[in-house]
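Along the sequence shown, residues carry numbers from 1. Computed over heavy atoms, backbone and side chain alike; hydrogens, waters and symmetry mates excluded.
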Amino acid sequence: YTTSRTNGSTWRVPANGGDPEEIVSHYFNKIHNVAEHPKTGELFFNDTWESSSMAHRKGYRGEFNPEIQSWNPKTNEYRQYTDHPGKDMWATIDRNGTAWFVSDRVNGEYNLCKLIDGQVKTVTSFKTSVIRPCVSADGSMVVFERDYRLHLLNTQTEKVAVVPITIIRNPVLPMEK
């Protein structure tokens, strides 16, 4: 997780519990949207305000466009996976190492993409934006928000379905006039 404590730092909590461990702390370089690659230990991230406090701003092109980047704390190796003048952000990685993210490269709306051998494959081409995707551990499903509803992408068929949400509530009496 990312916190504003110490002016922006990234932490993790061990899977078996315990105290949070600081991963990255830098006064000027505030990485966020961090996802750890389960095989290599690379930390995939974004590092500009366009993917943190301005993620809602569509159509941005410029020096602060977010890219999918990584840093491996074990080897100190840095990589930039995307080079797009718009926004590439919100990486999520399954246990096999497939990285999913959103990009506005197709039609100006945020759509799902994945990295295959370092190449970007666009998976959806919605006319409205995908928000905050999250891949299942086994890589079979990606859940995301779109048009104020949850959607589920089957990664094998690349078919998308709306997740039905039913709310049970007690009947209420009508207001008296």
Between OG on residue Ser70 and CD1 on residue Ile31, distance to nearest 0.5 Å:
10.5 Å

Single hit among Asp88, Val120, Ile68 for side-chain contact (heavy atoms from CB on, under 4.5 Å) with Tyr81:
Ile68

Indicate yes or no: at least one non-hydrogen side-chain atom of Pro14 is less than 4.5 angstrom from one of Glu21.
yes

Close side-chain approach of Arg12 to Glu36, heavy-atom, < 4.5 Å
yes

Report yes if the side chains of His37 and Phe44 come closer than 4.5 Å at any heavy-atom pair, otherwise no.
yes

Whether the side chain of Asn154 engages the backbone of Lys159 through a donor-acceptor N/O pair (distance < 3.5 Å, no angle test) should be reported.
no

Closer than 4.0 angstrom, basic N to acidic O: yes or no for Asp104 and Arg61?
yes

Non-hydrogen atoms of Lys87 and Ala55 that approach each other most closely
NZ-O, 3.8 Å

Under the 3.5 angstrom rule, does the side chain of Thr40 hit a backbone N or O of Glu42 as a donor-acceptor pair?
yes

Heavy-atom pair of closest approach, residues Leu112 and Pro133:
CD2-CB, 3.7 Å

Under 3.5 Å donor-acceptor, Thr155 side chain and Ser140 backbone
yes

How close do Asn107 and Ser125 get, counting heavy atoms only, and between which atoms?
ND2-O, 3.9 Å

Of Arg146, His151, Glu145, the one forming a side-chain contact (heavy atoms from CB on, under 4.5 Å) with Arg149 is His151

Side-chain heavy atoms under 4.5 angstrom apart, residues restricted to Ile, Leu, Val, Met, Phe, Trp, Tyr: same cluster for Val123 and Ile93?
no

Backbone of Asp147 reached by a side-chain donor or acceptor of Thr128 within 3.5 Å
no

Closest contact, heavy atoms only, Tyr110 versus His56
OH-C, 4.4 Å

Does the pair Glu109/Lys127 count as a salt bridge with the N-to-O cut at 4.0 Å?
no

Quick one, Trp71 and Asp47 - any side-chain contact, counting heavy atoms below 4.5 Å?
no

Could you tell me if Arg132 sits above the aromatic ring of Phe144, with its cationic atom closer than 6.0 Å to the ring centre and no more than 45 degrees from the axis?
no

In terms of heavy-atom contacts, Ser51 and Trp90 come closest through O-NE1, 4.1 Å

Are Lys58 and Ser129 side-chain neighbours, meaning at least one heavy-atom pair lies under 4.5 Å?
yes

If the test is side-chain contact (heavy atoms from CB on, under 4.5 Å), which one of Asn111, Val102, Val106 qualifies with Thr124?
Asn111

Minimum heavy-atom separation for Cys134 to Thr92, with atom names?
CA-OG1, 3.7 Å

Do Thr48 side-chain atoms and Phe64 backbone N/O form a donor-acceptor pair below 3.5 Å?
yes

Is the number of heavy atoms from other residues, nucleotides or ligands under 6.0 Å of Glu63 CD greater than 12?
no

Would a hydrophobic clustering, with Ile, Leu, Val, Met, Phe, Trp and Tyr connected at side-chain separations under 4.5 Å, put Tyr60 with Ile131?
no

Trace of the side chain to side chain contact (heavy atoms under 4.5 Å, CB included) decision for Met141 with Leu153
CA-CA 5 Å; Met141 300 284 176; Leu153 170 83; over 6 Å; no

Residues Leu150, Val162; criterion side chain to side chain contact (heavy atoms under 4.5 Å, CB included); working and verdict:
CA-CA 6 Å; Leu150 290 179; Val162 173; over 6 Å; no

Please walk me through it: do Ser136 and Asp138 pass side-chain hydrogen bond (donor to acceptor under 3.5 Å, both in side chains)?
CA-CA 5 Å; Ser136 62; Asp138 66 3; 2.8 Å; yes

Quick check: do Phe101 and Met89 have side-chain heavy atoms less than 4.5 Å from each other?
no

Cluster check Trp100, Phe45: I/L/V/M/F/W/Y, side chain < 4.5 angstrom:
no

Co-membership, hydrophobic cluster, residues Val130 and Val143, 4.5 Å side-chain:
no

Is any side-chain heavy atom of Glu67 less than 4.5 Å from a side-chain heavy atom of Asn46?
no

Let me check something: do Leu43 and Tyr78 share a hydrophobic cluster, defined by ILVMFWY side-chain heavy atoms less than 4.5 Å apart, either directly or through other members?
yes

Give a yes or no answer on whether the side chain of Thr82 reaches the backbone of His84 with a donor-acceptor pair at less than 3.5 Å.
no

